[in-house]
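In this chain, residues are counted from 1 in sequence order. Quantities reported herein were computed from a predicted structural model and do not represent experimental measurements.
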Amino acid sequence: QVQIAESGGGLVQAGGSLRLSCAASGLPFGRFRLAWFRQAPGKEREFVAAISSSGGYTGYGDSAKGRFTISRDNVKTTVYLQMNSLQPEDTAVYYCAAVGEWRLRYTSQFVDRYDYWGQGTQVTVSS
């Protein structure tokens, strides 16, 4: 049974940093592409960052470029999102998503390309 669990969210002041973690189990982690999405109240789920199964490729949404860094540890079966220079507009529930590399040839920014999702972790940035 595949389980994905995010952690590390919380309340931070504008300009601060947070590091989110996403632990996965029940799947061959090293063969899965992973991504972070976020969803603010009343808005659609938005792509944040993605990483290839080996970690050799990363991609970012416009809101994350230059501020956020995605990484993974295939031994710990965990993917991370380091978020710096946080702003109030970054307030959202952050979700981790996974898809097998045999299902998706490249990492994707589209929600419907991913098969497995965590429950999300709340990030709140105060001004």
Worksheet item: Less than 6.0 Å separating the ring centroids of Phe47 and Trp36?
Response: no
Item to complete: Would you confirm whether the ring centroid of Tyr57 sits within less than 6.0 angstrom of the ring centroid of Tyr106?
Response: no
Answer whether the closest heavy-atom distance between the side chains of [X] and [Y] falls below 4.5 Å.
X: Phe37; Y: Val111; result: yes
X: Val79; Y: Leu81; result: no
X: Tyr94; Y: Gln39; result: no
X: Thr121; Y: Val93; result: no

Membership question, hydrophobic clusters at under 4.5 Å side-chain separation (ILVMFWY): are [Y] and [X] in the same one?
X: Trp102; Y: Leu34; result: yes
X: Phe110; Y: Ile51; result: no
X: Met83; Y: Val12; result: yes

Practice prompt. For side chain to side chain contact (heavy atoms under 4.5 Å, CB included), just list the numbers for Gln82 and Ser71, CA-CA rounded to whole Å, side-chain angles, deciding distance to a tenth of an Å, and then say yes or no.
Written response: CA-CA 8 Å; Gln82 177 66 44; Ser71 61; over 6 Å; no
What distance separates [X] [atom1] from [Y] [atom2], expressed to the nearest 0.5 Å?
X: Tyr60; Y: Lys65; atom1: OH; atom2: NZ; value: 11.0 Å
X: Glu6; Y: Gln119; atom1: CD; atom2: CD; value: 7.5 Å
X: Arg45; Y: Asp112; atom1: CZ; atom2: CG; value: 12.0 Å
X: Ser63; Y: Arg38; atom1: OG; atom2: CZ; value: 3.5 Å
X: Thr78; Y: Ile4; atom1: OG1; atom2: CD1; value: 11.0 Å
X: Thr91; Y: Leu86; atom1: OG1; atom2: CG; value: 8.5 Å

Practice prompt. Show your working on side chain to side chain contact (heavy atoms under 4.5 Å, CB included) between Val48 and Phe68 and close with a plain yes or no.
Written response: CA-CA 8 Å; Val48 177; Phe68 296 0; 3.6 Å; yes
Specify the closest pair of heavy atoms between [X] and [Y], including all atoms of both residues, with the distance to one decimal.
X: Ser17; Y: Asn84; answer: OG-OD1, 2.9 Å
X: Ala14; Y: Pro88; answer: CB-CD, 4.1 Å
X: Ala50; Y: Ser108; answer: CB-O, 4.3 Å

Discussion item. Side chain to side chain contact (heavy atoms under 4.5 Å, CB included), that's the test. Do Asp90 and Val123 meet it? Break it down for me.
Written reply: CA-CA 8 Å; Asp90 295 315; Val123 171; 5.5 Å; no
Discussion item. Working note: Arg72 + Tyr80, criterion side chain to side chain contact (heavy atoms under 4.5 Å, CB included); need CA distance, chi angles, decisive distance, verdict.
Written reply: CA-CA 6 Å; Arg72 64 189 292 162; Tyr80 304 97; 5.9 Å; no
Worksheet item: Hey, are Arg113 and Thr107 close enough side-chain-wise for a donor-acceptor pair under 3.5 Å?
Response: no
Check residues 25-33 and write down every donor-acceptor pair under 3.5 Å in which the side-chain atom is one partner and the other belongs to a residue at least two apart or another chain.
unit_1, atom_1, unit_2, atom_2, d
Arg31, NE, Glu101, OE2, 3.2
Arg33, NE, Leu104, O, 2.5
Arg33, NH2, Leu104, O, 3.1
Arg33, NH2, Arg105, O, 2.6

Worksheet item: Is the backbone N or O of Thr77 less than 3.5 Å from a side-chain atom of Asn74, with the two atoms forming a donor-acceptor pair by type?
Response: no
Item to complete: Give a yes or no answer on whether the side chain of Thr58 reaches the backbone of Ile70 with a donor-acceptor pair at less than 3.5 Å.
Response: no
Discussion item. Going by disulfide bond (SG atoms under 2.5 Å apart), name the pairs with one or both residues in residues 40-127, residues two or more places apart or in two chains.
Written reply: Cys22-Cys96
